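Single-structure report; data block below.
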Amino acid sequence: MGFKVYNTMSRCKEELIPLEEGHVRMYTCGPTVYNYAHIGNFRAYMFEDLLRRHLKFSGFQVTQVQNLTDVDDKTIRASIEQGLPLKEYTKTYIDAFFADLAKLNIEPAEHYPAATDFIPEMIALIEKLFEKGYAYQSEDGSVYYSIDKFAGYGKLARLDREGMQSGARVAQDEYDKDNAADFALWKAYVPEDGDVAWDSPWGRGRPGWHIECSAMSMKLLGESFDIHTGGVDNIFPHHEDEIAQSEASTGKPYSKYWMHCGYLVVDGKKMSKSLGNFHTLREILDMGYTGREVRYELLSAHYRQSLNFAFKSLEANRAALKRLDEFYAKIKETAAGGTEAGDLPEWAGGLRDRFGAALDDDLNISGALAALFDTVHAGNKAMAEVPISGEQAVAVSNLWNELDAVLGFLMPPEEEVSPDVAELLEARAAARAAKDWAESDRIRDALAELGWTVKDTPDGPKLRKL
RNA sequence: GGUGCGGUAGCCAAGCGGUUAGGCAGUGGAUUGCAAAUCCACCUAGAUCGGUUCGACUCCGAUCCGCACCUCCA
């Protein structure tokens, strides 16, 4: 049984069979670097991270490309407002983006092409579209794509061209186009663009939004590749237009599978700047939540489902992670006595298969987590009766590492015990030996203030980070 | 108007035509010097109305409600 993914193109789950055996090439739409990304954006990058990690877990080699959109209306406007060159302006947010990815333990992609580094490729692609008769230049100098020329236009979004109601935005934008729905490949220079412009066969200007993804994906992954992802809001127009540009220029199928994640919502509404209900990652971290807790939150609902963000769930995640950490700590303590990995204890035997099978079903993370927690429960119960051997513990620990390669939140943060904490712990042990409970409790409170819980177990006191 | 997604216990969230999903919270108990952790027990759902079926949360239809997209929002 292979890995089945829901393909937006067919609206069905299909088994993932890469064009090149054993190697999945995927293009994941990345951030527009005009501001800090909000966690709604990271929901998408988190879904892509789970996808790539599960592909690797399943034995595929992965080549992932994630673009950085560093030129568009918003970046240009903001850089001019701040009086900074475009590159300098976007650098801040590109750096912030990578810092945030690291906080969330999102694995880096193989390539992060920036749009402004691929202008020649975009121009070449537009020239090809001219040659093939899909592009035309309007009076203002801009170049448009004629959607009427491309028979497959609308196949991804399943547009009913007749039933389309022109939105307010179309009306303002219809000036020189053959068809109001035609989209820009190249935008002629306007003074508002400042010094952001490139020379092209059609005069100075800058690329349209969709062309960068077509140019960069085909350059780095080939004219046909396996998976293209993004948020559901990208289905139309962005991905539809990418297909039109790419397939018209090459005559070949573009991406084989299209995967789209649902929104992150706050109070039932899409997170957006206009509603003022968005949160950046740094803001959440400043409130004292950890990247790990946010990772768990963003990962714990199925990717095609909308995910309701709430601080209350971050609290719940903290408790759930604590349960996992408690279990793992127990395993590690036992594993310290064994060197070679032995057989898994019976209660952990089916976990890997159950976990993998759940994710094979279009990344059913809930099923995978249920398998994990069931095992923790079974393990706690079994170990309370009969301790496992060091060799078995090593086997469980290895399994945990293997699953963490997919989940990225199983490994507890390092806990370094400072000397004064260690001293307090000893003093408390002495007080307890002398049955001086008042002193013992006082020291426990002192430790709590330093951020540590102490637990008295049959094997002696154990420290845990609060 | 077109297209798509969804409504599951206090909250979050899955699978499944009949057999306990899971997490968090809550209650009672075991354990503990007291705790913590853990275990045991309890609480235990399927928007509404029809239909199919021996049997439906699961399939079909209708209705209601919520959300999103319909030209540069992940």
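In the text below, chain A, chain B and the rest are named by the order of the sequence lines, each starting its count at 1. Quantities reported herein were computed from a predicted structural model and do not represent experimental measurements.
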Query raised in the report: Does the base of C69(B) carry an N or O that pairs as donor and acceptor with the side chain of Lys270(A) under 3.5 Å?
Result: no
Query raised in the report: How many Å lie between CD on Glu439(A) and P on G33(B), as a whole number?
Result: 18 Å
Report task. Specify whether Phe47(A) and Tyr303(A) have parallel, tilted or perpendicular ring planes, treating 30° as the upper limit for parallel and 60° as the lower limit for perpendicular. Result -> parallel
Query raised in the report: Heavy atoms under 4.0 Å, any strand shown: does Arg428(A) hit a base, just sugar-phosphate, or nothing?
Result: base
Report task. Tell me what Ala371(A) touches on the nucleic acid: a base, only sugar-phosphate, or nothing, going by heavy atoms under 4.0 Å. Result -> nothing
Query raised in the report: Has the side chain of Arg444(A) got a donor or acceptor that lies under 3.5 Å from a partner of the other kind on the base of A35(B)?
Result: yes
Report task. Considering just the side-chain nitrogens and oxygens of Lys462(A), establish if one lies under 4.0 Å of OP1 or OP2 belonging to A36(B). Result -> no
Query raised in the report: Just checking Lys435(A): base, sugar-phosphate only, or nothing, at a heavy-atom cut-off of under 4.0 Å?
Result: nothing
Requested in this report: Identify whether any heavy atom of Ala320(A) sits under 4.0 Å from a base atom; if not, whether one sits that close to sugar-phosphate; answer base, sugar-phosphate or nothing.
Outcome: sugar-phosphate
Report task. Assign Asp233(A) to base, sugar-phosphate, or nothing according to its heavy-atom contacts below 4.0 angstrom with the strands shown. Result -> base
Query raised in the report: Is atom CD of Glu426(A) surrounded by more than 12 heavy atoms (other residues, nucleotides or ligands) closer than 6.0 Å?
Result: no
Query raised in the report: If you look at every strand shown and take non-hydrogen atoms under 4.0 Å, does Val265(A) touch a base, only sugar-phosphate, or nothing?
Result: nothing
Requested in this report: Go through the N and O atoms of the side chain of Arg432(A) and the base of G33(B), and report whether any donor-acceptor pair is under 3.5 Å.
Outcome: yes
Query - Distance test, side-chain N/O of Lys455(A) to OP1/OP2 of A35(B), below 4.0 Å - result: no
Query - Any side-chain donor near an acceptor of the partner, Asp100(A) and Tyr45(A), under 3.5 Å - result: no
Query raised in the report: Are His377(A) and C40(B) close enough that a side-chain N or O sits under 4.0 Å from OP1 or OP2?
Result: yes
Requested in this report: Quick one: sort the Trp258(A) and His260(A) rings into parallel, tilted or perpendicular, breaks at 30° and 60°.
Outcome: parallel
Report task. Could you tell me whether Met383(A) contacts a base, only the sugar-phosphate backbone, or nothing, with contacts defined as non-hydrogen atoms closer than 4.0 Å? Result -> nothing
**Report entry** Pi stacking test for Trp437(A) and G33(B): under 5.5 Å apart, planes under 30°
**Finding:** yes
Requested in this report: Measure distances between side-chain N and O atoms of Asn317(A) and base N and O atoms of G23(B), and say whether any donor-acceptor pair falls under 3.5 Å.
Outcome: no
Query raised in the report: Between the side-chain atoms of Asp241(A) and the base atoms of C72(B), is any donor-acceptor pair under 3.5 Å?
Result: no
Query raised in the report: Do the side-chain N or O atoms of Asn364(A) get closer than 4.0 angstrom to the phosphate oxygens (OP1, OP2) of A14(B)?
Result: no
Report summary line: Separation of C12(B) atom P from Ile365(A) atom CD1, nearest Å, is 19 Å
Query raised in the report: Is the shortest side-chain N/O distance from Lys381(A) to OP1 or OP2 of C40(B) below 4.0 Å?
Result: yes
Report task. For the residue pair Phe183(A) and His210(A), categorise the inter-ring angle as parallel (less than 30°), tilted (30 to 60°) or perpendicular (more than 60°). Result -> perpendicular
**Report entry** hbond_proxy Arg354(A) side chain to G15(B) base (donor-acceptor, 3.5 Å cutoff)
**Finding:** no
Requested in this report: With heavy atoms under 4.0 Å as the rule, sort Ser440(A) into base, sugar-phosphate or nothing.
Outcome: base
Query raised in the report: Is the phosphate of C73(B), meaning OP1 or OP2, less than 4.0 Å from a side-chain N or O of Lys74(A)?
Result: yes
